[in-house]
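As the structure is a computational prediction, the values presented were derived from the model and not from experiment.
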Amino acid sequence: MSAVIELNPQQKAAAHYRGSAKSLLIMAGAGCGKTRTIIARTSYLIRSGVEASRILMMTFTNRAAKEMKIRLKSEVGPASYKVQAGTFHAFCLRVMRRIPTSFGIQGLNVIDVDDQNALMSLVRRRRFGKKDKFIRKLVPKAAELIRYYSYCRNTCQEPIEYLSHHSDLSREYIGLCSEMFAEYQKLKLERGYLDFDDLLEVFGDVLAQKAALRKDLAKLFEECLVDEMQDTNPLQFKILKQFSREGVRLFCVGDPAQSIYRFRGANFEHVYLFDKLFPNSEILTLSENYRSYQEILDLSNWLLGRSPLDYKNRLVAHRGNVGGIPELVDFDSQFEEASWIADKIIAQHESDTPLRDMMVLVRTAYDAKPIEAEFLQREIPYVFIGGTSLTKSAHVRDILALLRTARSVEDDLAWMRYLQLWPGIGPKTAERIVSAILASNATNGLEVLVQRLGQGHPGVIGYKHLIKTATVPQKALEIAIQTLAPVLESRYDRWHFRQKDLELLATVAERYKSLVEFIDAFTLEPMTNTEIDRLEAEDIVTLITVHSAKGTEAPICFVAGARQGTYPHVRSYGELDSEEEERRVLYVAMTRAKNELFITRSTDYRSGFWVVNAPTEGEEYFLAEVPQDLVDHKIEGWSPSGAAGLTSLKDIY
C-alpha cells in the first residue's frame with residue numbers, strides 16, 4: 001500500500017470518522033476535494049480491517065466510478081479490485097442479472113431513451129389510427145410522453161396527478177396519456193425490455209416487499225459510500241433507505257449548492273434535510289476550496305448568501321487572493337458579446353495562454369449559437385459539449401443495433417434499425433422479416449434472413465460472421481463495423497470523423513469480457529465525455545452547457561449570456577424551488593473558474609426576447625445588484641446616448 005493520502009483537518013475528520021452516527025453527510029463545497037475524501041474514507045476503512053468486498057461505492061457516472069477505482073488502486077493496491085464501484089443503475093442491473101427470478105424478471109435487455117421513444121411511438125400508432133389525426137395533434141409526441149412518464153416514476157408520482165398539475169392537457173387527454181403509459185409498460189414486459197427507470201423501480205420495490213431478500217443483500221455490505229448525494233432522485237433514495245434500514249452504514253458526499261438536476265427528478269431535500277431523513281446521522285463540512293482564488297469564491301458566496309435558503313457552507317480559498325476581481329461585462333447585443341469573448345480568447349492565446357485553459361459556459365445549447373458562429377468566423381478551434389453522447393450518434397447506434405441482435409434475437413427494435421440500413425428495405429419489409437424471426441421462436445434468425453434476403457446479402461453475411469464471434473466483444477465489434485461501414489459511409493456525412501468514433505469503440509471493447517457486458521455498459525452510461533477525453537490533449541477551447549460542466553474546471557472561464565430571463569430562467573419565475581435551482585446553476589458556472597472569471601451579458605433591448613422577458617417589479621435577477629467590490633463592472637460597445645445617465649446596474653437591469 002502507498003502512503004496515507006494527505007488530508008486537511010476537515011477532510012481528515014470526515015475520512016477517519018469513528019463516531020456513533022450510522023449515516024454521515026459530508027457537505028463538500030465546490031472544489032473542496034470530495035473525491036479525495038471518498039477515496040481516503042475507503043482507504044481508511046480497508047486499513048481498519050473492513051473487507052474491501054463489503055464496501056459499495058455509488059456514483060452517477062461510469063466515468064466517476066472509473067476515476068475512483070484508479071485513485072483507490074494507488075492508495076490500497078490490489079484490494080481496490082474487490083470494492084464494488086459503479087452507478088446506481090449498473091449496480092441494480094448487476095444484482096438482477098445474478099438472481100433474475102428473485103426480481104420477477106424474465107428478460108434483461110436494457111433499452112435507452114431512443115428505444116423508449118420508438119416503443120412509445122408504436123403505442124401512439126396503435127392507439128390513434130389515420131382517422132384520429134386531430135387527436136394525434138393534441139396528444140404529446142412520443143418523446144414528450146416518455147419524459148413525462150420518466151419524471152413521474154423517478155419522483156414517485158402518479159401520472160394523472162402529475163399531469164393535472166404540470167401540463168396543460170385536459171382531463172380526457174390526461175387519461176389517454178395514463179393509458180398509453182400502461183400499454184408502454186406492457187409492451188416492454190412482453191419483449192423482455194427494461195428501461196433505466198425499471199432498473200431502479202423494480203429493484204427498490206422488490207427490496208421493500210421482500211424482507212428476506214433485502215436482509216440477504218444488505219448482509220453483503222458494511223459500508224455504502226455515495227457520491228453526489230444531491231443528485232439522488234426518490235427511487236435512488238428509496239434504495240439507500242432500504243440499505244440503511246438493514247444496518248449498512250452510509251457515507252454520503254454532496255453539496256446542496258450544486259443540486260441542479262431537478263428536471264431529472266433529483267430531490268434537493270435529500271441533502272438539505274439529511275439529518276431529518278436519516279435518524280442517527282451527523283453532518284460534516286468541507287469548505288476549503290483548492291480550485292479557485294478567493295475573489296471568485298467571494299462572488300460565489302455572495303450569490304448563495306442572497307438566497308432565502310441557508311446553504312450552510314461558505315467557501316475559503318486554499319490558494320488565497322490573486323489581486324483581481326471577476327469582471328462583469330455588459331453589451332448591447334449577443335453578437336457584440338460573442339465578438340468580445342472571441343477577442344479576449346485570441347488576446348489570451350497570443351499571450352501564451354493555451355486555448356485548452358479557457359472554457360465558455362452557457363445556459364443552453366441555443367445560447368451557444370452566436371458564440372459558435374463567432375468562433376467559426378474567427379477560426380478559433382473549439383469543441384461544444386452539450387450533453388449529446390457518442391452512443392446517441394446515429395452511426396454508433398447503428399453498430400450497436402447489429403450487436404444487440406447477436407445478444408438477443410428477440411430484440412425487435414434492434415432488428416428494425418439494422419434491417420432498414422440496407423437499401424431496398426423499408427419499414428414494412430423490415431417488420432415482416434422481424435415478425436418471421438420472432439415467429440420462429442427466436443431460434444432460427446439466420447435462416448429467416450437467408451430465406452428473405454438471400455445467402456449473399458451483405459446484411460446476412462455480416463450477421464452470420466457476427467454470431468460466430470459474439471463471445472469476444474472486440475472481435476464482434478470489428479465485424480459489425482466491417483459489415484456496416486460501406487452502407488454507413490454512403491449514408492452519413494463527415495465519415496472520416498465518424499469512423500474514428502467507431503475505431504474508439506473497438507478499442508474500448510477490449511475492456512469487456514462479454515458482449516452483454518459491453519452493450520449494458522454503453523446503454524447505461526453513454527460516452528458523454530468521450531470527446532473531452534479524445535481532445536483534451538489538443539489545444540482547443542471548450543464551449544459547454546452548465547449542466548454538462550459538473551466536475552470540470554478551467555483556469556479562465558467565461559459565463560456567457562448571464563442576463564435577465566436566463567438567471568433565473570424565465571420559466572422559473574414565481575416558484576421558489578425552481579428559482580433557487582437557477583441560482584445554483586449560476587453558482588456551478590462561477591465555481592468552475594480557477595484563476596479568472598468573466599461574466600458577460602447583453603441587454604438586447606430591441607430583441608423579441610427582451611420585449612417578452614423584460615424584468616418586472618417583484619421578479620428577481622440574480623446579478624442586478626452585485627456589490628462594486630466583488631466585480632469589475634464594464635459596459636462595452638454601447639453608444640454614448642445609450643449609456644447616458646447610467647449610475648448603477650439597476651439602471652440597466
Q) Is there a side chain to side chain donor-acceptor pair (under 3.5 Å) between Thr364 and Asp367 once you walk through the steps? A) CA-CA 5 Å; Thr364 68; Asp367 295 323; 3.0 Å; yes

Q: Taking atom types as modelled, find out whether Tyr382 and Glu372 have a side-chain donor-acceptor pair closer than 3.5 angstrom.
A: yes

**Q.** Distance, nearest 0.5 Å, that separates CE of Met57 from OG of Ser80
**A.** 10.0 Å

**Q.** Test side chain to side chain contact (heavy atoms under 4.5 Å, CB included) applied to Leu484 and Tyr418, step by step
**A.** CA-CA 9 Å; Leu484 287 175; Tyr418 173 61; 3.8 Å; yes

Q: Indicate yes or no: at least one non-hydrogen side-chain atom of Ile461 is less than 4.5 angstrom from one of Thr483.
A: no

Q. Got a donor-acceptor contact below 3.5 angstrom from the Trp495 side chain to the Leu488 backbone?
A. no

**Q.** Residue pair Arg124 / Leu145, side-chain heavy-atom distance below 4.5 Å
**A.** yes

Q. Tyr193 and side-chain hydrogen bond (donor to acceptor under 3.5 Å, both in side chains): which partner among Asp411, Asn109, Asp115?
A. Asp411

**Q.** Step-by-step side chain to side chain donor-acceptor pair (under 3.5 Å) determination, Gln230 to Tyr261
**A.** CA-CA 9 Å; Gln230 77 278 355; Tyr261 293 106; over 6 Å; no

Q.
Let's go through Leu200 and Phe88 carefully: what are the C-alpha distance in whole Å and the side-chain angles of both, what is the deciding distance for side chain to side chain contact (heavy atoms under 4.5 Å, CB included) to 0.1 Å, and is it a yes or a no?
A. CA-CA 8 Å; Leu200 300 179; Phe88 278 86; 4.0 Å; yes

Q: Using the ring of Tyr149 (Phe, Tyr or Trp, six-membered ring only), decide whether Arg153 places NZ or CZ under 6.0 Å from its centre and within 45 degrees of its axis.
A: yes

Q: Name all residues meeting the side chain to side chain contact (heavy atoms under 4.5 Å, CB included) criterion together with Ala30; count only those two or more places apart in sequence or in a different chain, and write none if there are none.
A: Gln258, Arg291, Leu315, Tyr587, Thr591, Arg592

Q. Side chains of Tyr463 and Leu449: does their closest heavy-atom pair fall under 4.5 Å?
A. yes

Q. With no hydrogens and no angle check, is any side-chain donor or acceptor of Thr37 less than 3.5 Å from a backbone partner on Gly33?
A. yes

Q.
Tell me if the centroids of the rings in Phe91 and Phe203 come within less than 6.0 Å of each other.
A. yes

Q: In sequence, state the C-alpha distance, the side-chain angles, and the governing distance for Tyr81 and Lys69, and then conclude on side chain to side chain donor-acceptor pair (under 3.5 Å).
A: CA-CA 8 Å; Tyr81 297 127; Lys69 287 180 179 178; over 6 Å; no

